[in-house]
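Following: one structure in structure tokens, then a few remarks.
Chain naming here is simple, since letters A, B, ... match the order of the sequence lines and numbering starts at 1 in each. Just so it is clear, the values below take in all heavy atoms, side chains as well, and ignore hydrogens, waters and symmetry mates. Quantities reported herein were computed from a predicted structural model and do not represent experimental measurements.
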Amino acid sequence: MSENIPTKNFIQKIIDDDIKNGQQNLKFRFPPEPNGYLHIGHAKSILLNYGLAEEYDGSCNLRFDDTNPSTENQEFVDSIKSDVAWLGFNLDKDPLFASDYFEKLYEFAHELINKELAYVDSQDQETIKLQRGTLTKPGINSPFRNRDKETNIQLFQQMRNGDFNEGEHVLRAKIDMSSPNLNMRDPTIYRIRKITHYRTGDKWNIFPMYDFTQCLSDAIENVTHSICTLEFEDHRPLYNWVIENIDLNCKPKQIEFARLDLSFTITSKRKLHTLVTEKKVNGWDDPRLPTLKGLKKRGITPTILERFCKLVGVTKKDALIDVSLLETCARDEFDKKAPRLMAVLDPVKVIIENLPENEEISIEAQNHPKDKTFGTRKLKLTKEIFIESTDFEENPPKKFFRLSVGKSVRLRYGFVITCTRIDKDQNGNINTIYCNYIPKTLNGVNPEGQKIKGIIHWVSASENMKLKVNLIDRLFSVAEPNRENDFLTALNPTSLVEMANAIGETNLLEFVSQTVQFERLGYFTVENQTIGSDCLVYNRTITLRDSWGKMKKN
RNA sequence: UGGGGAGUCGCCAAGUCGGUUAAGGCAACGGAUUUUGAUUCCGUCAUGCGUAGGUUCGAAUCCUACCUCCCCAGCCA
């Protein structure tokens, strides 16, 4: 994939303008709520914010937006921290927490009450909802809207003290119940929650709402550009209202961009949760998932993600990105970086009849076809070998360049063999394929008078190791599982195929720490915890392009 | 329906104070090279910019109207 012309996205243009107008010390932030695992959509946001910080010589905070004690916990904090670190950010910095600002936020709320811009409403949730009006009908004022300052301060203090039950009172901003923007109809900014917060414990009985917390946390941190997704666009007037009405020396600018949506997968927190809890996948780090943990386990690297996000771009248009772009980015990276080795996923035995029993042909194979710095490795070509079952056909279709009776193929890095006959068991399955090798065809030399087009991979029957290989494919079989009535019915039944009888060349042992290419099959990554065990487990990170497979389909 | 956004090739995305043949990538399709049917290379791929009018010598870019899609009525974020 060649480099495209770097043009600035709309956010960079806004920032350029701000700088032209004298702004300096740029600061950004990535503000996840610790109530779930990060996925590829978050990666876009992280890369955007930290990328902007680097580009403009500014900085970026990782701040946990933890104002809802009922859904948040430390486990999510830890996993998010490790994911951000995996992407290469916030490495030697401690993360920040909105919950550390609770005291300040409380004071800011006071400021609003003092300015008569906030009041305690003592109606129940249902009543408040009814008074809010609808999309087309304006809301009506709460009877408590004009409570005097002193009562409000007293009540708010009591809310904090825990004198009331959940739902008895809320603190509301006094804005405009007839605003066409629902967010401006006296939004709740504090509610009572008598739940233990994973960080502040039982210290607080009241918790600030997002709209009050986000903007003020940004201001406290001197964030200059607060970048969020499109659904917060109509919260911006409220964001600005809070910033304007509280005495601050920082006025962050909120900018919204379109979140990343990928075809053939799902990024909704709720749906990911369903997949995990209903055991449709094996945990949050299942390699079929678009979670960062899953992507990592599958073998996708931060640099692939970085390249991918760069190509995707940043706009305000709801876009569905084709997974093939991610796949191409992965292939691009691994084509350059992955050593080539051989493994056979579904082995069939081949006996080379004209090769003496104990003869071992020693072969020095390139670890990378285009890059000598990868070095070479030794391979032993023996009388008995295994080849891929799909590389033999009894009734070969047209243009089948592989093995069939009477046909010849080259063994990768080895000589040319010709199939003489096959041996089947009583069920008709092929037991053994018998071949003869053609002498003097090593090192790519063609046999007299013919050109061998087919080259197949193989593994020696006497020198190999057992492998378990997970063939990972797209999780869904439709491009937009979100559009299905029940997204679970769109799951791809073959998204995970376990090849339990796979074998590989023993040289694989030297390359367990990196993604390798199994020649002609794809790129595969070892599951870390199986290193050192008697059977390595590999996940297929991505297939190679397969023009033959495509041709067969058509 | 009120408000807020967005509409440029199958998927993304440049281009926007109007001016050569509307970048680039992905996908697709041809072809060349190839000890991976991989990689690489070369070629094809929008008389068209949501639609309809208008302004203009000239419009994706300006004006008008309309259409479609997304978001908002949590004491979630």
Indicate whether OP1 or OP2 belonging to [N] is found under 4.0 Å from a side-chain N or O atom of [X].
{"X": "A:Arg259", "N": "B:rC70", "result": "no"}
{"X": "A:Arg185", "N": "B:rG3", "result": "no"}
{"X": "A:Arg63", "N": "B:rA77", "result": "no"}
{"X": "A:Thr328", "N": "B:rA27", "result": "yes"}

Could you check how far [atom1] of [X] sits from [atom2] of [N], rounded to whole Å?
{"X": "A:Asn183", "N": "B:rC76", "atom1": "CG", "atom2": "P", "answer": "14 Å"}
{"X": "A:Phe308", "N": "B:rC26", "atom1": "CZ", "atom2": "P", "answer": "13 Å"}
{"X": "A:Ile304", "N": "B:rG25", "atom1": "CD1", "atom2": "C1'", "answer": "17 Å"}
{"X": "A:Met551", "N": "B:rG30", "atom1": "CE", "atom2": "C1'", "answer": "12 Å"}
{"X": "A:Gln125", "N": "B:rC76", "atom1": "CD", "atom2": "C1'", "answer": "11 Å"}
{"X": "A:Leu320", "N": "B:rA6", "atom1": "CG", "atom2": "C1'", "answer": "15 Å"}
{"X": "A:Phe212", "N": "B:rA77", "atom1": "CZ", "atom2": "P", "answer": "13 Å"}
{"X": "A:Phe401", "N": "B:rU34", "atom1": "CZ", "atom2": "C1'", "answer": "12 Å"}

Give me, pair by pair, the N or O atoms of the protein and of nucleotides 7-9 of chain B that are less than 3.5 Å apart, along with how far apart they are.
from, atom 1, to, atom 2, distance (Å)
B:rU8, OP2, A:Lys317, NZ, 2.5

Of all the choices, [options], which nucleotide is nearest to the side chain of [X] once you look at every atom?
{"X": "A:Ser324", "options": "B:rU36, B:rA14, B:rC26", "value": "B:rC26"}
{"X": "A:Arg132", "options": "B:rG37, B:rC75, B:rU35", "value": "B:rC75"}
{"X": "A:Glu233", "options": "B:rC75, B:rA38, B:rG5", "value": "B:rG5"}
{"X": "A:Arg520", "options": "B:rA77, B:rG2, B:rG37", "value": "B:rG37"}
{"X": "A:Gln517", "options": "B:rU36, B:rG10, B:rG74", "value": "B:rU36"}
{"X": "A:Glu231", "options": "B:rA73, B:rC71, B:rG3", "value": "B:rC71"}
{"X": "A:Asp234", "options": "B:rC76, B:rU36, B:rG3", "value": "B:rG3"}
{"X": "A:Thr67", "options": "B:rA38, B:rA77, B:rC75", "value": "B:rA77"}
{"X": "A:Lys550", "options": "B:rC75, B:rA28, B:rA6", "value": "B:rA28"}
{"X": "A:Asp65", "options": "B:rC75, B:rA77, B:rU34", "value": "B:rA77"}

A:Glu519 and A:Arg412 ion-paired at < 4.0 Å: yes
Salt-bridge criterion met for A:Arg63 and A:Glu221 (N-O under 4.0 Å): yes
B:rC17 versus B:rU21 - spacing of their C1' atoms, nearest Å: 25 Å
Integer angstrom distance from the P of B:rU56 to that of B:rU16: 24 Å
Paired with [N]: which nucleotide, if any, by Watson-Crick or G-U wobble criteria at under 3.5 Å for both distances?
{"N": "B:rG37", "answer": "none"}
{"N": "B:rG2", "answer": "B:rC72"}
{"N": "B:rG53", "answer": "B:rC63"}
{"N": "B:rC9", "answer": "none"}
{"N": "B:rA28", "answer": "B:rU44"}

With a non-hydrogen cut-off below 4.0 angstrom, is [X] in contact with a base, only sugar-phosphate, or nothing?
{"X": "A:Lys269", "result": "nothing"}
{"X": "A:Pro369", "result": "base"}
{"X": "A:His235", "result": "base"}
{"X": "A:Arg545", "result": "sugar-phosphate"}
{"X": "A:Lys399", "result": "base"}
{"X": "A:Arg172", "result": "nothing"}
{"X": "A:Gln123", "result": "base"}
{"X": "A:Asp546", "result": "nothing"}
{"X": "A:Leu135", "result": "base"}
{"X": "A:Thr134", "result": "base"}
{"X": "A:Asn443", "result": "base"}
{"X": "A:Ile455", "result": "sugar-phosphate"}
{"X": "A:Leu544", "result": "base"}
{"X": "A:Phe232", "result": "base"}

Residue pair [X] / [Y], side-chain donor-acceptor N/O under 3.5 Å:
{"X": "A:Gln214", "Y": "A:Gln254", "result": "no"}
{"X": "A:Asp186", "Y": "A:Tyr119", "result": "yes"}
{"X": "A:Thr541", "Y": "A:Thr525", "result": "yes"}

Quiz item: cation-pi between A:Arg193 and A:Phe207, 6.0 Å / 45°: no
Row check, A:Trp204 ring normal vs A:Arg160 NZ/CZ: under 6.0 Å, within 45°: yes
Stacked pair A:Tyr210-B:rA77, distance under 5.5 Å, angle under 30°: no
Residue pairs, two or more places apart or on separate chains, that pass ring-ring contact (aromatic ring centres under 6.0 Å, His included) and touch residues 303-346 of chain A: A:Phe334-A:Tyr523
Pairs touching residues 254-269 of chain A that satisfy salt bridge (Lys or Arg N to Asp or Glu O under 4.0 Å), sequence neighbours left out: A:Glu231-A:Arg259, A:Arg236-A:Glu256, A:Glu256-A:Lys316
Within the 6.0 Å centroid threshold, strictly below: A:Phe144 and A:His169: no
Syn/anti state of B:rG74 by chi, 90° boundary around 0: syn
Backbone of A:Lys194 reached by a side-chain donor or acceptor of A:Glu166 within 3.5 Å: yes
5' priority, RNA chain B, between A:Ala319 and A:Arg402 [closest heavy atom]: A:Ala319
Upstream residue (5' side of RNA chain B) when A:Leu442 and A:Glu166 are each assigned their closest nucleotide: A:Leu442
Parallel, tilted or perpendicular: rings of A:Phe97 and A:Phe64 (30°, 60°): parallel
Donor/acceptor link under 3.5 angstrom from A:His457 side chain onto base of B:rA38: no
